[in-house]
Number of protein chains: 2
Amino acid sequence: MGVPLYQAKAEFFKTLGHPARIRILELLCERDHAVHELLDQIAVEPSSLSQQLAVLRRTSMVVSRREGGEVLYSVSAPEVRDLLLAARRILTELIHVYDESATPAPAST
Amino acid sequence: MGVPLYQAKAEFFKTLGHPARIRILELLCERDHAVHELLDQIAVEPSSLSQQLAVLRRTSMVVSRREGGEVLYSVSAPEVRDLLLAARRILTELIHVYDESATPAPAST
DNA sequence: CCACGAGTTGCATACATCTTCAACTCGTGG
DNA sequence: CCACGAGTTGAAGATGTATGCAACTCGTGG
């Protein structure tokens with residue numbers, strides 16, 4: 001274990017720190033998608049999408065396979081789905097905290 | 001809801017995408033810490049630590065209070081603990097996937 | 001009132017990431 | 001064999017993020 005765990009965690013979260021990559025993962029959680037299908041859903045250039053897919057491939061969060069004239073992507077493990085669900089849940093909770101601290105306390109006390 | 005959810009998620013993960021910030025959160029999950037205590041544990045310059053604390057404050061993940069001659073930090077909500085635990089669990093799972101895919105398939109085909 | 005320790009803030013530099021264009025690879029079909 | 005559509009890769013410019021130094025704020029104690 002050369003890399004300290006907290007650094008691995010940071011790298012991992014960094015991978016998730018991009019809107020397009022989040023969208024890709026969410027779409028792939030529903031079902032496998034061909035690249036051109038993702039392209040229809042996510043407004044980015046083909047090359048840019050490909051770059052983000054490469055990032056996700058490098059971290060083993062997704063895998064690709066060629067099928068006919070197209071390349072299909074899918075999430076590499078069910079844990080990825082779990083992760084996104086957990087994130088959604090926790091983010092919702094934190095948004096509450098966020099609101100509270102941003103709100104000048106309406107009429108509390 | 002001006003900001004799309006997937007972008008909020010990305011921002012959120014980006015906040016976690018830094019080793020020092022991960023360490024800070026982990027330490028604060030154990031108990032509240034004064035800045036100089038964090039400084040002892042996390043090898044960074046005082047100013048750098050302060051910057052990271054500012055990032056975490058901005059996203060409402062931690063809060064600070066002055067007490068005597070020092071400033072104490074704590075996690076803003078228990079969900080933060082949940083999040084780090086979830087992350088650890090899921091990261092462990094993914095590391096397995098990682099290992100498998102990194103292994104050149106011993107004697108396949 | 002002054003000196004200090006504890007933290008913070010403001011930059012300037014260095015570094016990493018994102019975006020886009022163009023060139024290139026690979027199968028498929030004519 | 002050539003033309004094409006689907007994806008990928010490489011490189012350059014634009015942005016964003018991190019780091020370290022110096023200057024500054026704030027309470028505390030002498």
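Chain letters run A, B, ... following the sequence lines, proteins first and then strands; every chain starts at 1.
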Remember a base hit wins even if backbone is also touched, and classify S48(B) as base, sugar-phosphate or nothing at under 4.0 Å, heavy atoms. sugar-phosphate
Identity of whatever pairs with dG27(D) - Watson-Crick or G-U, under 3.5 angstrom: dC4(C)
Grab the CD1-P distance between I24(A) and dT8(D) for me, whole Å please. 10 Å
Calculate the interatomic distance between Q7(A) atom CD and dA16(C) atom P; express it in whole Å. 12 Å
Do Q51(B) side-chain and dG20(D) base share a donor-acceptor contact under 3.5 Å? yes
Mind calculating the distance between CD (E70(A)) and P (dT28(C)) to the nearest angstrom? 11 Å
Assign each of A20(A) and E37(B) to its nearest nucleotide of DNA chain C by heavy atoms, then name whichever residue's nucleotide is nearer the 5' end. E37(B)
May I ask which nucleotide in the shown strands pairs with dA22(C), Watson-Crick or G-U wobble, both distances under 3.5 Å? dT9(D)
So which one's nearest nucleotide on DNA chain D is more toward 5', A54(A) or G17(B)? A54(A)
Let's see if you can work this out: which of dA18(D), dC18(C), dC21(D) has an atom nearest to the side-chain heavy atoms of H18(A)? dC18(C)
So, is R66(A) close to the dT8(D) phosphate, meaning a side-chain N or O under 4.0 Å from OP1 or OP2? no
So, is Q52(A) near the phosphate of dT19(C), with a side-chain N or O under 4.0 Å from OP1 or OP2? yes
Criterion salt bridge (Lys or Arg N to Asp or Glu O under 4.0 Å) on E37(B) and R31(B), from CA distance to verdict: CA-CA 11 Å; E37(B) 289 178 319; R31(B) 63 171 175 80; 3.5 Å; yes
When the distance from CD1 of I42(B) to C1' of dG20(D) is rounded to whole Å, what number comes out? 17 Å
Nearest-Å distance, NZ (K14(A)) to C1' (dG16(D))? 13 Å
For G17(A) and K14(B) the tightest heavy-atom approach is O-CE, 3.3 Å
Answer yes if L16(B) and L27(B) sit in the same cluster of Ile, Leu, Val, Met, Phe, Trp and Tyr residues linked by side chain heavy atoms under 4.5 Å apart, and no otherwise. yes
Would you mind telling me which of dT8(C), dC21(D), dT8(D) lies closest to the side-chain atoms of S47(B)? dC21(D)
Find the distance R65(B):CZ to dG7(C):C1' and express it as a whole number of Å. 16 Å
Integer-rounded Å distance: dA23(D) C1' and E45(B) CD: 15 Å
Hey, mind stepping through R88(A) and E26(A) against salt bridge (Lys or Arg N to Asp or Glu O under 4.0 Å) and telling me if it holds? CA-CA 11 Å; R88(A) 172 171 315 186; E26(A) 291 187 334; 3.5 Å; yes
Give the nucleotide from the list dC18(C), dT8(D), dT8(C) with an atom nearest to the side chain of Y73(B). dT8(C)
Round to a whole Å and report the spacing from CG of L49(A) to P of dG7(D). 9 Å
Taking atom types as modelled, is there a side-chain donor on Y73(A) or R65(A) under 3.5 Å from an acceptor on the other? no
Which of dG7(D), dA6(C), dC18(C) is nearest the side chain of R21(A)? It is dC18(C)
